[in-house]
Every structure is written in structure tokens, then in C-alpha cells.
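The analysis underlying the following values was restricted to heavy atoms, covering all of them including side chains, and did not include hydrogens, waters or symmetry mates. Lettering of chains follows the sequences in order, A, B, ..., and the numbering in each one begins at 1.
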Amino acid sequence: MSLDLQLKQEISKAFSSLFDAELKVEDISLQPTRKEFEGSHTFVCFPYARLSKAKPEETARLIGEYLKENVEAVADFNVVKGFLNIVFSDATWVQVFTDIWKDENFGQYSDNGKEVMVEYSSPNTNKPLHLGHLRNNFLGWSVAEILKANGYDVHKVQIINDRGIHICKSMVAWSKFGNGETPESTGKKGDKLVGDYYVKFDQEYKKQIAELVEGGMDKETAEKEAPIFKEAQALLKKWEAKDPETYELWETMNGWVYAGFDVTYNAMGVDFDKLYYESNTFLLGKDEVVKGLEKGIFFEKEDGSIWVDLTEEGLDQKLLLRADGTSVYMTQDIGTAILRYRDFPNISQQIYTVGNEQEYHFKVLFIILDKLGYEWAKECYHLSYGMVDLPSGKMKSREGTVVDADELMQEMTDTACQHTEELGKIEGFSEEQAKELYYTLGIGALKYFLLKVDPTKRMLFDPNESIQFQGNTGPFIQYTHARISAILRKAEQIGVVPTEEDLKNLNELQASEKNVIFLLNDYMKKLAEAAENYSPDAIAQFAYDLAKEYNRFYQEVSIFNEEDQVALKFRIAFSSVVAKTIAKAMGLLGIQVPERM
RNA sequence: GGUUCCGUAGCUCAACUGGAUAGAGCAACUGCCUUCUAAGCAGUAGGUUCGGGGUUCGAGUCCCUGCGGGAUCACCA
């Protein structure tokens with residue numbers, strides 16, 4: 001039984017025994033004791049003064065006395081105002097540690113029988129991935145891993161927006177200005193090449209609009225009448241009509257993009273169990289829209305476009321199918337959602353990792369799915385996260401202010417290399433090992449930087465102030481792991497092998513050891529919390545706290561100079577559990593931890 | 001304008017979902033490498049939690065209001 005639960009039960013007993021009052025275990029909440037007071041767990045008594053019919057301070061004192069008297073694990077207590085701080089015996093902490101040490105499944109909840117789907121990434125195929133995508137991918141991937149650790153069966157998916165007006169724009173520009181360029185002929189990554197033509201389209205489009213406006217046309221009309229825009233629209237229609245030539249170009253250019261994306265995903269270290277392509281789902285979406293129209297859920301306007309009226313829900317009318325029959329974003333999302341439930345009928349929830357700029361879209365999508373009669377629509381969840389801002393404001397791909405994902409990852413690796421060389425820490429590393437280390441540290445710093453922040457909040461990234469490697473950072477935690485690894489190597493070398501028997505003979509702990517055990521003991525709770533709130537930041541914070549507290553121990557307490565063999569063996573076991581837990585927690589963030597650095 | 005999210009140290013972020021004297025990192029300053037990795041540890045300084053009301057034993061957190069900022073309200077995705 002967990003320490004917390006045990007304590008809660010005893011507090012509940014204390015209430016019935018002392019005050020003849022019923023206080024249910026589930027109504028009791030404990031909080032960590034603040035550092036300035038002695039103890040580890042604090043029970044706040046203010047809310048229960050009514051139950052105990054005594055002042056909070058008095059209530060705290062009575063319960064404290066009861067616990068000290070009746071519960072072996074409780075060694076002492078102190079009361080500050082209405083706060084009851086509980087001190088567990090060292091033997092209790094040793095026991096807590098032993099349980100964790102022996103538990104092979106520590107950090108993994110058992111199978112809960114639930115199946116969920118997590119979507120993330122889901123890029124358009126007209127431009128390369130940027131910093132915003134990095135946050136998205138790291139977040140979605142990490143949430144999926146956290147859910148797995150909580151006992152869920154998780155399917156990682158993405159929807160690749162491979163069709164639509166955006167890719168048609170790149171296709172038009174390439175056809176007009178490309179001169180047959182390919183990734184091979186230019187030596188450019190495919191996604192970058194296609195992205196260049198997307199930018200080229202926009203430049204040309206703007207030029208044409210300006211010309212039309214100069215000729216006396218108003219801006220709004222000009223935007224619709226610009227020849228290059230009309231070409232893109234025409235191409236989209238041709239594509240939907242499966243025009244062979246258009247299809248071939250589309251497949252070729254998407255192929256370039258996928259090859260480029262593969263390189264980026266590989267560097268990011270994210271993966272997927274199944275890929276969905278918009279080109280395979282939008283027709284299903286169209287069918288559903290037509291069905292919905294027949295059922296009277298949707299309505300048709302005079303021009304033939306199909307809409308849903310959401311004014312009753314306090315929203316607007318929303319377009320589902322254009323007058324020319326081509327589909328929009330919403331159309332394919334309807335199809336995709338339905339297809340996924342056909343593929344995986346047992347999933348209890350679908351989680352969409354998409355930026356908060358699309359909150360309205362998902363609100364509407366879920367309502368539409370509900371209107372269409374899909375029960376599971378209520379369980380769809382938009383994991384909405386904040387934008388990554390630059391000091392200059394929002395990133396805009398067409399204005400060239402984006403931070404490119406490939407470039408940023410490379411820069412991080414370079415920075416890691418520079419730091420490591422400055423510190424002279426690559427002694428004994430082969431060139432290959434050194435390169436791997438730089439990558440591990442660079443990407444680790446980047447992932448940690450993006451994941452330690454509450455996902456719902458927008459965050460700032462300053463390219464001029466490169467991501468730190470000291471303090472609350474990925475490398476700091478990685479460093480702690482490397483330090484422990486060195487200790488464990490030495491222990492193995494000199495043949496120190498702790499056993500359960502050794503731990504039984506241990507009866508005194510250092511304060512820093514108890515603090516670390518307290519954190520270890522908290523891990524499962526943090527893990528559950530992280531899943532509940534879809535918050536990798538809770539795991540990041542945990543890993544940092546653990547590393548920080550271990551480093552304090554490392555500084556204050558000697559291991560190999562310890563004369564007491566039992567204490568020495570304990571510290572080896574203890575260090576090994578910390579290293580494993582750091583590795584697991586960081587693993588949930590997609591961050592590798594090195595043995596040496 | 002409607003809807004919605006946000007405003008915490010000079011900067012980047014926390015605060016166990018209403019608990020104690022609001023905490024970390026960076027930047028600044030002071031110590032600590034003959035000892036298991038100094039990418040570390042210890043310490044100093046830094047706050048009217050945007051302003052003003054309210055709710056209660058208790059508010060950064062909940063309610064109202066003012067100010068400031070973001071997102072969204074597309075036949076873009």
C-alpha cells in the first residue's frame with residue numbers, strides 16, 4: 001500500500017476515534033511539506049474544524065498525537081497554525097525505497113484495457129516543418145508515451161494534408177517557373193524545394209494583385225481574379241476530377257516532400273503507427289456531408305454550396321462543401337474521424353494535437369460529428385497548445401520569419417558540440433560516439449525547452465539567445481544521469497552488489513536521501529497527473545526536481561568513502577534507481593540520457 | 001464588435017487545481033575542484049502576482065470591473 005494512502009486511512013481513523021466524525025479517505029488531501037518545516041507530508045486542518053469541533057490548531061495537534069501514538073511509521077509531527085506536518089521514520093523511508101527498488105514495473109501502470117488514438121504533426125505538404133511543428137510533434141509524441149505508461153493502448157497517427165489548394169499553389173508555381181527542377185538536380189531537400197515554390201507562388205500572386213489594383217480593380221476582387229490564383233483553383237478541380245497529368249505532378253511533388261519529411265522526423269525521433277492521407281479521406285467526408293444534407297442536418301445555398309447551421313449552438317454557419325463541389329478542411333476532417341473509428345472500433349478517445357488557433361474548427365467538427373449521430377464524438381478531444389512566438393512576434397512562413405526545424409536541430413547539435421569541446425569532455429570518445437552525444441544533448445536541450453512549458457500556454461523562443469545547457473535544462477538532467485552512470489560503473493568494477501538484506505540493516509538516512517525517496521515515491525502520482533492533464537511539463541518538472549535533489553545528495557554525501565558498508569551499498573542501489581527513473585521520465589519526453597558526457 | 005485564452009523577479013518559466021513567508025533557471029554578485037564528472041553545489045540580491053472591488057478561516061488561483069496582449073469569428077489549412 002502506498003504511503004499516502006496509508007496515512008490517509010490513519011487520519012480517517014483518527015477522526016472517528018477522536019471526534020466521532022466521519023472523514024472519508026477520498027476526501028483527504030495531503031500536500032508536500034514546505035522546505036522550511038520538518039516533515040514530508042502536510043495535512044491542512046482548516047477545512048475540518050467543523051468536523052472536529054475544535055480549532056484547526058487544536059485539531060492538528062490531536063491528530064498528530066494520535067498518529068504518533070498509533071502509527072508505527074510516524075516518528076514525529078509538528079503543528080504550525082492549522083498545518084499538521086508529519087515526519088515519517090527513517091525505517092519507513094528505507095521501506096518505501098526498497099519497494100520501489102524491487103518493483104520491476106516501477107514507472108509503468110498495468111494495462112487498463114483502454115485504447116486511445118493520438119494525432120499529432122499533420123503537416124501540409126507544401127512547405128517544410130518549422131519550430132511550431134517541433135512543439136506539436138514533441139508534445140503529441142510525449143503525450144502518447146505518457147498514456148502508454150499509464151496503461152493505455154495507444155495508436156499514434158497523423159493526417160497528412162496532401163491535397164487542397166495549398167499544394168496546388170506549389171504545383172502551379174513549379175510548373176510555371178520550375179524549369180524541371182528536382183531535389184536531385186538542385187541537391188535540395190524535397191520539402192524545401194516544394195516550399196520554395198509555395199513562396200514563389202505567393203510572390204507572383206501578390207504582384208498580380210498589385211497590377212490589377214493599379215488597373216482600377218478593388219483589392220478583394222483582385223484577390224479572386226488574379227490569373228495565377230485562378231490557375232491554382234482550376235488545378236484543384238482537375239485534381240478532384242483525377243486528371244492524370246495533374247495527378248502525376250501531384251504525386252511527384254508530394255513524393256519529394258515525404259522524402260524530406262522522413263529525414264526531419266527521423267532527426268526529431270518521432271514515429272507513427274499509422275498514417276492517414278487527406279486524399280484518402282476527403283471523399284468519405286464528402287459522402288457524409290451529402291448524407292447529412294439528405295437527412296436535413298445540413299442545408300444547401302442557392303449556389304449549390306453546402307453548409308451547417310450552428311446558430312443554435314451559439315456559433316455561425318459553416319461551409320462544408322464549395323459550390324464547385326470541391327471539399328474544404330472540414331470536409332476531410334469529418335471523413336478522417338469516421339475512417340479512424342472504422343479502423344479502430346475499440347478506441348475510447350481520439351486526441352487531436354493541434355494549435356489553439358484551431359479551437360473553433362474542432363469545436364465545430366465535434367458538434368458536426370455529434371449531429372451526424374456518432375456517439376464517440378463526445379469523447380473527441382482537442383489537445384490545444386499555444387503558439388511558439390519569436391521576439392518579433394508570430395512566425396509567418398510566407399514572410400520568411402519561420403525557424404526551420406532541420407536548421408534548428410542542426411544548430412542545437414552544433415552548440416552541444418561547442419559546449420562539450422569547451423569543457424574538454426570528449427576524452428576517450430570515438431568520433432562516432434562524440435557525434436552521437438552531441439545529437440543526444442542538442443536534441444535533448446531542444447525537446448526539454450519545448451516540453452517543460454505548460455502546453456496550453458504560448459511560449460517565446462529567441463533565436464539569438466541560444467537554448468541553455470545549464471540550470472533547468474535537458475542537459476542538466478542528462479548530466480546527472482551520466483554522473484550516476486560513472487558511479488555505477490565504479491561500483492560494478494569494485495564488486496559492490498547491494499541486496500535486500502543490506503537494506504534491511506540500514507536504519508539511518510541523510511536528509512537529502514529522504515528528499516530523493518520522497519520524489520521517487522511521488523513519481524507514479526505525477527505520471528497519472530501528466531496523463532490526466534496531457535502535460536509532459538509535469539514529467540519534465542519531476543525529472544528536474546529529481547536531478548536537482550540528487551545533485552544535492554551527490555555534493556553532500558560521499559559514496560565510496562563511506563565506511564559503513566550497508567550505507568555504501570544502499571547508496572549504490574539508491575543511485576541506480578534514480579538513474580533509471582530519470583531515464584524513464586526523460587524517455588517519456590523523447591529524450592535520451594547518456595552514460596557519459 | 002462577439003467568443004475565448006492570457007498578464008507572476010530585468011528575462012524565460014513554476015506554484016500539487018483555494019493553503020503556510022509566491023518558487024526555479026538565466027543574467028548580477030560571493031564562496032566551493034589534491035576527494036565518486038564544477039554541464040555541479042551552497043549563498044546574496046531581485047515581487048504591491050497588471051489596477052480596483054468582492055466571495056472566506058485563507059486568493060496568484062474563484063466572481064465582477066477597468067487596462068494591456070494573443071487567438072478566433074474565411075468558399076486558407
Nearest-Å distance for atom pair CD/C1', residues A/Glu57 and B/A20
12 Å
Using whole Å, report how far CD of A/Gln418 lies from P of B/A39.
15 Å
Once hydrogens and angles are ignored, does a donor-acceptor distance under 3.5 Å link the base of B/A20 to the side chain of A/Asn85?
yes
At under 4.0 Å, does any side-chain N or O of A/Lys35 touch on OP1 or OP2 of B/A24?
yes
Whom does B/U61 pair with, Watson-Crick or G-U wobble, provided both distances fall under 3.5 Å?
none
Taking only side-chain nitrogens and oxygens of A/Lys548, does any of them come within less than 4.0 Å of OP1 or OP2 of B/A42?
yes
Taking any strand in view, what nucleotide pairs with B/U35 in a Watson-Crick or G-U wobble way, both distances under 3.5 Å?
none
Using a cut-off of 4.0 Å on non-hydrogen atoms, how would the nucleic acid contact of A/Tyr360 be classed: base, sugar-phosphate, or nothing?
sugar-phosphate
With no hydrogens and no angle check, is any side-chain donor or acceptor of A/Ser122 less than 3.5 Å from a backbone partner on A/Ile160?
no
Using Watson-Crick or G-U wobble geometry with both distances below 3.5 Å, tell me the partner of B/U49, or none.
none
Among B/A77, B/G19, B/C16, the one nearest A/Phe46 by side-chain distance
B/G19
Rounded off to whole Å, could you give me the NE2-to-P distance for the A/His130 and B/A77 pair?
16 Å
Rounded to the nearest angstrom, tell me the gap between atom CE in A/Met459 and atom P in B/U8.
15 Å
Could one point to a donor on the side chain of A/Asp462 or the base of B/U12 with an acceptor on the other under 3.5 Å away?
no
What does A/Val80 touch in the nucleic acid at a heavy-atom separation under 4.0 angstrom: a base, only the sugar-phosphate, or nothing?
base
Would you classify A/Asn533 as touching base, sugar-phosphate or nothing, given that sugar-phosphate means primed atoms plus P, OP1 and OP2, and contacts are heavy atoms under 4.0 Å?
base
Under 4.0 angstrom between A/Arg458 side-chain N/O and B/U12 OP1 or OP2:
no
Side-chain donor-acceptor pair under 3.5 Å between A/Glu532 and A/Asn150, yes or no?
no
Can you tell me how far C1' in B/G18 sits from the matching atom in B/A9, rounded to whole Å?
24 Å
What is the nucleic acid contact for A/Leu460, judged by heavy atoms within less than 4.0 Å: base, sugar-phosphate only, or nothing?
sugar-phosphate
Quick one about A/Ser121 and A/Asn137 (side-chain donor to acceptor, distance below 3.5 Å, no hydrogens or angles considered), yes or no?
yes
Quick check on contacts: within residues 553-561 of chain A, what sits under 4.0 Å from RNA chain B by heavy-atom distance?
A/Tyr554, A/Gln555, A/Val557, A/Ser558, A/Ile559, A/Phe560, A/Asn561
From C-beta outward on A/Ile165, which listed nucleotide comes closest to its side chain: B/U37, B/A20, B/C76?
B/C76
Whichever of A/Glu549 and A/Gln317 has its nearest RNA chain B nucleotide further upstream toward 5':
A/Glu549
Classify the nucleic acid contact of A/Leu30 as base, sugar-phosphate or nothing, counting any heavy atom under 4.0 Å across all strands shown.
nothing
Across every strand shown, the nucleotide meeting Watson-Crick or G-U wobble geometry with B/A9 (both distances under 3.5 Å) is none
Who pairs with A/Arg489 by salt bridge (Lys or Arg N to Asp or Glu O under 4.0 Å), at least two apart in sequence or on another chain?
none
Could you state the CD1-C1' distance from A/Ile167 to B/C76, rounded to the nearest angstrom?
15 Å
Please tell me if A/Arg34 has a side-chain N or O lying less than 4.0 Å from either OP1 or OP2 of B/G23.
yes
A/Arg135 to A/Tyr385, cation-pi by 6.0 Å centre distance and 45° axis angle:
no
Under 4.0 angstrom between A/Tyr329 side-chain N/O and B/A77 OP1 or OP2
no
Which residue, A/Val44 or A/Arg50, contacts RNA chain B at a nucleotide closer to its 5' end, judged by nearest heavy atom?
A/Val44
Whole-Å distance, A/Arg552 CZ to B/A42 P, equals 4 Å
Applying a 4.0 Å non-hydrogen cut-off, can you work out what A/Met597 is touching in the nucleic acid: base, sugar-phosphate, or nothing?
base
Rounded interatomic separation in angstrom, taking CD1 from A/Ile487 and C1' from B/U35:
13 Å
Ignoring backbone atoms, establish whether A/Arg483 has a side-chain N or O less than 4.0 Å from OP1 or OP2 of B/A38.
yes
Angle class for the A/His361/A/Tyr329 ring planes (parallel below 30°, perpendicular above 60°, tilted otherwise)?
parallel
Strand partner of B/U3, provided both Watson-Crick or wobble distances fall under 3.5 Å:
B/A71
Close approaches to RNA chain B from residues 465-472 of chain A, in residue order (heavy atom, under 4.0 Å):
A/Gln468, A/Phe469, A/Gln470, A/Gly471, A/Asn472
Over all strands shown, is A/Ser575 touching base, sugar-phosphate only, or nothing at heavy-atom distances under 4.0 angstrom?
nothing
Would you mind classifying the nucleic acid contact of A/Glu357 as base, sugar-phosphate or nothing, using non-hydrogen atoms under 4.0 angstrom?
sugar-phosphate
Classify the side-chain pair A/Thr326/A/Asp324 by whether it contains a donor and acceptor separated by less than 3.5 Å.
yes
Over all strands shown, is A/Glu223 touching base, sugar-phosphate only, or nothing at heavy-atom distances under 4.0 angstrom?
nothing
Check for me whether A/Lys127 meets the cation-pi criterion with A/Tyr198, that is, NZ or CZ under 6.0 Å from the six-membered ring centre and within 45 degrees of the ring axis.
yes
Please confirm whether any donor atom in the side chain of A/Thr480 sits under 3.5 Å from an acceptor in the base of B/A39, or the reverse.
no
Are any side-chain N or O atoms of A/Asp309 and backbone N or O atoms of A/Thr311, one a donor and one an acceptor, separated by less than 3.5 Å?
yes
Under 5.5 Å between ring centres and under 30° between planes: does that hold for A/Phe37 against the base of B/A20?
yes
Find the partner of B/A28: check Watson-Crick (N1-N3 plus N6-O4 or O6-N4) and G-U wobble (N1-O2, O6-N3) distances, both under 3.5 Å, and reply none if neither fits.
B/U44
With both distances kept under 3.5 Å, what pairs with B/A14, Watson-Crick or G-U wobble?
none
For the student: nearest non-hydrogen atoms of A/Ala60 and A/Leu84, plus distance:
O-CD1, 3.5 Å
How about A/Glu38: does its CD atom have over 12 heavy atoms from other parts shown lying under 6.0 Å from it?
no
Which part of the nucleic acid does A/Asp454 contact within heavy-atom distance under 4.0 Å: base, sugar-phosphate only, or nothing?
sugar-phosphate
Between B/A24 and B/G46, how many Å separate the two C1' atoms, rounded to a whole number?
14 Å
Taking atom P in both B/U8 and B/A15, what distance in whole Å separates the two?
14 Å
Below the 4.0 Å mark, does B/U21 have OP1 or OP2 next to a side-chain nitrogen or oxygen of A/Lys81?
yes
NA contact type, A/Thr473, heavy-atom cut-off 4.0 Å: base, sugar-phosphate, or nothing?
nothing
Is the A/Phe362 ring parallel, tilted or perpendicular to the A/Tyr352 ring (thresholds 30°, 60°)?
tilted
So does A/Gln470 get a backbone contact from the side chain of A/Gln468, meaning a donor-acceptor N/O pair under 3.5 Å?
no
For B/A20, is there a stacking contact with A/Phe83, counting only centres under 5.5 Å and planes under 30°?
yes
Once you apply a heavy-atom cut-off of 4.0 Å, does A/Lys457 come out as touching a base, just sugar-phosphate, or nothing?
sugar-phosphate
Determine the contact category for A/Pro47: base if any of its heavy atoms lies under 4.0 Å from a base atom, sugar-phosphate if only primed atoms, P, OP1 or OP2 are that close, otherwise nothing.
base
Test the A/Lys490-A/Phe560 pair against the cation-pi criterion, namely NZ or CZ under 6.0 angstrom from the six-membered ring centroid and within 45° of the ring axis.
yes
What is the distance, rounded to the nearest whole Å, between atom CG of A/Asn515 and atom P of B/A42?
11 Å
